[in-house]
Asks: 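This is the structure I want to talk about, given as structure tokens.
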Amino acid sequence: MGKDIPNARMPVYNPVNGVVVGWVPTTDPSDVGDLVERARRAQSQWQLSGFRSRAKALRELRKWIVDNRARLIAAVCAEGGKTYEDALLEILYVCKAIGFWAGHAEGYLREERQWSRELLLAGRRVVSRYEPRGVVGVIAPWNYPLVLGLGDALPALMAGNAVILKPSEVTPLASTMIVEEGMAAAGVPTGVCQVANGSGDVGQALVDNVDMIQFTGSTETGRAVAVRAAQRLIPASLEMGGNDAMIVLADADLERAANVAVYAGMCNAGQTCMSVERIYVEESVYAAFLELVEARVKDLRVGGPGAAGTVDIGSLTGPGQVDIVERHVQEAVQDGARVLVGGHRGKDGNFFQPTLLADVDHTMALMREETFGPVLPIVKVRNADEAITLANDSDFGLNSSVFTRDVNQGEFIARRLEAGSSVVNDACANFLDARAPFGGWKQSGLGGRNGVEGIRKYCRQQTILVTRFAMKREAYMFPYRRRTTYLMERLLALFFGRGG
Ligand code: NDP
């Protein structure tokens with residue numbers, strides 16, 4: 001038995017006014033090893049319980065989440081400064097994801113049995129199967145504490161792993177409620193899913209003890225996690241920043257493109273890894289598109305979380321985030337960008353006014369780094385080729401989008417964009433389909449979530465070769481004989497010696 005884990009707690013603050021909105025138990029980094037041991041003890045029974053039993057428990061968890069949605073939405077709003085709708089989206093996503101993984105895990109991880117087609121392996125059966133890795137550590141960021149925390153724990157749990165979730169120290173409240181209250185109410189055995197609250201050093205200790213790491217956050221921390229995981233030779237699946245480009249062609253439905261641009265660029269106050277962060281518009285429709293976007297950005301209602309339907313843009317969540325956004329906007333303005341709407345922080349709290357900028361260029365930090373705020377820079381381009389070149393001129397490659405009425409042309413352009421996902425006449429919507437694999441290129445990530453690989457990554461693959469019918473001795477075995485070797489060489493020349 002490990003030693004008792006001390007009962008320390010830490011406060012959680014509302015980013016709108018700095019008021020303490022709750023307390024969560026914390027884990028000392030030196031106690032993470034004990035948590036992992038507890039998880040290991042619970043994991044084997046959880047694995048043995050089978051897919052149906054695990055699916056039943058997770059569906060019970062979904063019922064608990066729905067029954068407790070008012071408390072959970074209040075917690076997500078309070079710790080993240082989110083609007084009611086942005087918090088509801090997190091609950092909806094998690095409920096849908098539970099249904100998806102509960103329904104698909106068994107099929108995605110079904111073992112495959114086939115007769116070998118190799119001449120030399122005639123009579124052998126090849127079995128490929130998936131075995132859970134053991135204890136998975138999920139390190140989550142503050143922008144979507146449920147989607148990017150619990151959301152990643154779900155396929156890991158369905159695969160038969162135990163999970164330790166490390167929420168961001170900024171937003172641990174709702175995740176802790178779900179893990180500590182919801183999992184128990186749903187009948188998930190103690191130790192199978194635990195929470196480890198604390199700062200980055202708890203995340204580091206997790207990497208040092210678990211069998212696999214799922215990380216979402218900044219590229220800088222993701223790289224540090226990858227290096228540490230490499231030292232232990234454990235797999236790390238990393239989803240990091242994005243700087244996603246949208247392209248609007250002359251034949252696009254401009255009204256739809258403008259609505260999508262404003263929503264996908266500014267929902268969750270622009271703090272989404274797959275937010276639209278840069279827009280390239282063909283010159284013949286540039287002025288008309290700018291006008292449509294401007295009208296919509298001007299209409300956005302900014303404020304602290306309120307009742308449903310009262311606020312569009314909440315506060316920024318991450319500490320110092322408003323300073324990053326302000327720096328990007330101010331530097332761009334100094335270098336010649338034109339502010340059409342907003343351009344400054346809110347009067348009080350952690351707010352940044354929804355901001356629309358024109359006359360931006362590619363040397364600005366706003367275009368090169370992840371701004372992670374409610375800011376849309378729009379750039380005029382001569383044609384689709386120029387838009388593609390500029391869109392691809394980035395260290396990141398998470399999501400991208402293109403708007404055109406010619407969907408064939410849209411798909412052709414999507415294929416030329418250097419990003420893990422590309423969306424035609426929409427943006428971000430791909431994340432809503434758990435069948436659609438999602439992961440970053442370049443510095444946006446390694447590995448991915450969703451789709452069949454979204455659960456297989458939480459498993460070790462094992463191949464079993466079963467020899468059912470065989471001779472006493474294979475022709476290629478000792479002792480080597482000249483006649484057999486000659487025959488094998490003839491066969492080699494016969495089968496592979498023809499080229500073309
Ligand atoms: P981080 O990458 O620092 O944090 C992400 C998670 O990693 C948090 O749970 C954090 O814990 C944890 N962590 C921190 N240090 C370590 C470590 N050495 N080993 C293991 N885990 C660690 O993101 P920030 O919160 O600092 O945000 C910085 C920037 O990253 C943002 O401005 C934004 O641009 C980007 N970002 C991108 C996100 C995305 O969805 N792709 C999400 C969040 C941020 P703790 O919070 O307790 O320190």
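One-based numbering, in listed order, for ligands and for the atoms of each. Since we're looking at a predicted model, the values are computed, not measured.
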Asks: Looking only at heavy atoms, what is the nearest atom pair of Val276 and Leu376, with distance?
Replies: O-CD2, 3.7 Å
Asks: Which of the numbered atoms in ligand 1 are below 4.0 angstrom from a heavy atom of Gly198?
Replies: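 Near Gly198, meaning under 4.0 Å from one of its heavy atoms, ligand 1 has 47 (O).
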Asks: With ring centroids as reference points, do Tyr280 and His362 lie under 6.0 angstrom apart?
Replies: yes
Asks: Between Glu220 and ligand 1, find which residue part has any heavy-atom pair under 4.0 Å and reply side chain, backbone, both or neither.
Replies: neither
Asks: Answer side chain, backbone, both or neither: which part of Val225 comes under 4.0 Å from ligand 1, heavy atoms only.
Replies: side chain
Asks: Which of the numbered atoms in ligand 1 are under 4.0 angstrom from any heavy atom belonging to Glu169?
Replies: 45 (P), 46 (O), 47 (O), 48 (O)
Asks: With a 3.5 Å distance limit and no angle check, can you tell me whether Ser168 reaches the backbone of Val170 through a side-chain donor-acceptor pair?
Replies: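 Confirmed, Ser168 side chain pairs with Val170 backbone.
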Asks: Would you say Gln47 and Gln43 are linked by a side-chain donor-acceptor pair, where the criterion is simply a distance under 3.5 Å?
Replies: yes
Asks: Taking Ile313's backbone N and O only, do any of them form a donor-acceptor pair with Asn268's side chain (distance below 3.5 Å, no angle check)?
Replies: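 Judged by distance alone, no pair lies under 3.5 Å.
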Asks: Could you tell me which atoms of ligand 1, counted from 1 in the order shown, lie closer than 4.0 angstrom to a heavy atom of Ala140?
Replies: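 What qualifies from ligand 1 is 6 (C), 8 (C), 9 (O).
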Asks: Geometry only, no angles: is Ala224 polar-contacting ligand 1 at N/O separations under 3.5 Å?
Replies: no
Asks: For atom 30 (O) of ligand 1, is the nearest protein heavy atom closer than 4.0 Å?
Replies: yes
Asks: May I ask you to check whether Trp142 has an N/O atom sitting below 3.5 Å from an N/O atom of ligand 1?
Replies: yes
Asks: Do Leu206 and Ile164 touch side chain to side chain, with heavy atoms closer than 4.5 Å?
Replies: yes
Asks: Any N/O of Phe372 closer than 3.5 Å to an N/O of ligand 1?
Replies: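 Such a contact does not occur with ligand 1.
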Asks: Verify the ring-centre separation between Phe372 and Trp142: is it less than 6.0 angstrom?
Replies: yes
